[in-house]
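Note sheet for the following structure.
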Amino acid sequence: MRTALWLYLFMFVAFFDLHAQYPILSPFALSLGAAPSFIGLIMGVYSITHLPGNLMAGYGVDKYGSKYFIVFSLIVAGIILLFQSNVKDPWHLLYIRSISGFVLAFLSPACLSLLARIAKDRIQQSKLMAGNGLIHTLASVVSPAAGAVLVAKIGFTTAFSVLGWILIVTGILAIFGVKEKQLLGQSADKLQTLDHHGHGMLNDESDLPTGLSIPWLFFLIPMALSCSQGILFFELPLMKSAQESILTSGVFFTLISLGALLSISFWFLNKVPPFIRTVCGSLSLAAVFFGLAIQWSIPLPVSLFLIGMAKGVIYPALAALLASITSSNRYGRVFSLLSISYSIGAFIGPMVAGQLRDHISSYFIAFFVLMLALSLLPLRTFKTPVTT
């Protein structure tokens with residue numbers, strides 16, 4: 001479990017740096033003279049450059065392990081942030097963000113794959129994935145406000161430099177903290193799998209389905225989820241109240257994270273099949289976006305909190321679901337596909353919102369994308385393997 005604690009630390013720092021930039025990136029781009037449509041491109045290109053990195057990470061992690069990719073992502077991403085602190089032109093910011101997107105694409109598949117490997121059974125896998133969600137949420141609770149405060153106190157340049165050095169130091173720690181040789185040497189048949197009733201065990205890796213058994217349409221769910229999140233993260237800093245005070249923008253993002261933290265703290269949800277959690281959480285998220293689109297009477301802070309609660313259900317469920325139906329020698333590739341889906345959605349979201357926000361509510365676009373993904377989900381073909 002020491003490896004899991006190290007992984008949680010690395011992911012906390014990485015997520016902290018990432019979420020700390022959400023409330024300040026749009027104002028920073030505005031200060032450079034970028035138009036809202038160009039800001040959408042800046043946010044989107046970060047995600048689209050994830051794709052080649054995700055593809056490389058999938059096979060690389062399965063073949064060489066996770067450690068090299070974790071160290072590389074953290075250190076190089078920190079160096080890139082140091083360059084970002086001196087950007088003076090919107091196009092230069094676009095180039096920097098595109099490189100950053102590629103570099104950080106290796107981190108999530110590497111960490112999730114290693115977490116899945118260190119689990120003794122599927123129940124522990126689900127708990128480790130929930131722990132990953134908890135760490136992600138804790139980082140996102142404090143980081144938006146921290147990023148806003150940093151900029152308010154020391155300015156954009158110094159704030160990006162501080163975040164960059166934090167990543168570099170954490171990457172150096174990862175060299176000594178991640179121990180995975182013994183994990184790579186373990187026989188795959190030692191991984192025991194509980195069936196969907198929680199009784200039977202699968203002791204042979206050959207009994208497990210591969211990642212190829214997952215219906216491709218399933219990946220529309222994480223794609224739609226990240227698309228809706230990208231739209232939200234694009235819109236919030238551009239609201240009038242947020243533009244008047246960067247701290248207000250930080251508070252908005254913190255409310256989302258607090259909602260997610262509440263959901264993740266409900267450990268009894270781990271007993272609910274992850275597929276059901278994914279579908280129910282996505283429906284709830286779509287409902288809130290629809291409410292925002294029609295300007296329902298529920299206050300914005302409450303709506304953001306509800307969005308966070310839905311996210312707190314969906315993200316751990318997606319990771320646990322994929323881990324539970326995938327053989328251990330394919331973890332890297334399957335989590336790479338998950339990251340690719342997130343990347344595509346995160347690219348499409350702010351791009352579409354930036355182009356259409358003057359014609360249609362961005363929140364309605366988020367609602368439509370989520371409902372479309374759910375309607376295309378092949379419910380009958382997506383089954384948890386059953387032992388006899």
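Note that the structure is predicted; figures quoted are calculated from it, not measured.
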When you measure from the side chain of [X] to the backbone N and O of [Y], does any donor-acceptor pair fall under 3.5 Å?
| X | Y | result |
| --- | --- | --- |
| Ser100 | Ala77 | no |
| Arg277 | Ile314 | no |
| Ser161 | Leu82 | no |
| Lys67 | Ile175 | yes |
| Ser263 | Gly312 | no |

| said: The test is side-chain contact (heavy atoms from CB on, under 4.5 Å); show your working for Val369 and Phe364 and say whether it passes. | reply: CA-CA 9 Å; Val369 169; Phe364 182 80; over 6 Å; no
Return the [atom1] to [atom2] distance between [X] and [Y], rounded to the nearest 0.5 Å.
| X | Y | atom1 | atom2 | result |
| --- | --- | --- | --- | --- |
| Ile168 | Leu163 | CD1 | CG | 11.5 Å |
| Ile42 | Trp91 | CD1 | CH2 | 9.0 Å |
| Cys227 | Leu372 | SG | CG | 10.5 Å |
| Leu356 | His359 | CG | NE2 | 6.5 Å |
| Ile231 | Phe367 | CD1 | CZ | 12.5 Å |
| Thr278 | Leu225 | OG1 | CG | 9.5 Å |

Taking every non-hydrogen atom, the tightest pair across [X] and [Y]:
| X | Y | value |
| --- | --- | --- |
| Ser113 | Val61 | OG-CG1, 3.5 Å |
| Ser341 | Ser226 | O-OG, 3.6 Å |
| Phe219 | Leu338 | CE2-N, 3.9 Å |
| Gly171 | Leu74 | CA-CB, 3.6 Å |
| Val87 | Phe28 | O-CZ, 4.0 Å |
| Met371 | Ala286 | SD-CB, 3.7 Å |

Sub-4.5 Å side-chain heavy-atom contact between [X] and [Y]:
| X | Y | answer |
| --- | --- | --- |
| Lys311 | Ile256 | yes |
| Pro90 | Leu93 | no |
| Tyr363 | Ser228 | no |
| Leu292 | Ile307 | yes |
| Phe156 | Ser31 | yes |
| Asn86 | Phe160 | no |
| Leu9 | Leu5 | no |
| Leu81 | Ile166 | no |

| Does a sphere of radius 6.0 Å around CH2 in Trp165 hold more than 12 heavy atoms from other residues, nucleotides or ligands, not counting ones at 6.0 Å or beyond? | no
| Is the count of non-hydrogen atoms from other residues, nucleotides or ligands lying under 6.0 Å from Phe38 atom CZ greater than 12? | yes
| message | Ring centres under 6.0 Å, that's the criterion: do Phe368 and Phe289 meet it? | response |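 So the answer is no for these two rings.
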| field | Qualifying ring pair (Phe, Tyr, Trp, His ring centres under 6.0 Å) pairs with a residue from residues 95-118, counting only residues at least two apart or across chains | value | Phe69-Phe106, Phe72-Phe106, Phe102-Phe106
| query | For Tyr315, which residues count as a side chain to side chain donor-acceptor pair (under 3.5 Å) partner, sequence neighbours excluded? | reply |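 So Tyr315 forms a side chain to side chain donor-acceptor pair (under 3.5 Å) with Gln229.
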| field | Set of residues satisfying side chain to side chain donor-acceptor pair (under 3.5 Å) with respect to Gln84, sequence neighbours excluded | value |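 Only Gln21 meet the side chain to side chain donor-acceptor pair (under 3.5 Å) criterion with Gln84.
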| task | Before giving the answer on side-chain contact (heavy atoms from CB on, under 4.5 Å), spell out for Leu107 and Ile70 the whole-Å C-alpha distance, their side-chain angles and the decisive distance to 0.1 Å. | result | CA-CA 5 Å; Leu107 185 62; Ile70 293 173; 4.0 Å; yes
| message | If the test is side chain to side chain contact (heavy atoms under 4.5 Å, CB included), which one of Leu318, Val313, Leu374 qualifies with Ser282? | response |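 Checked Leu318, Val313, Leu374 against Ser282; only one passes side chain to side chain contact (heavy atoms under 4.5 Å, CB included): Leu374.
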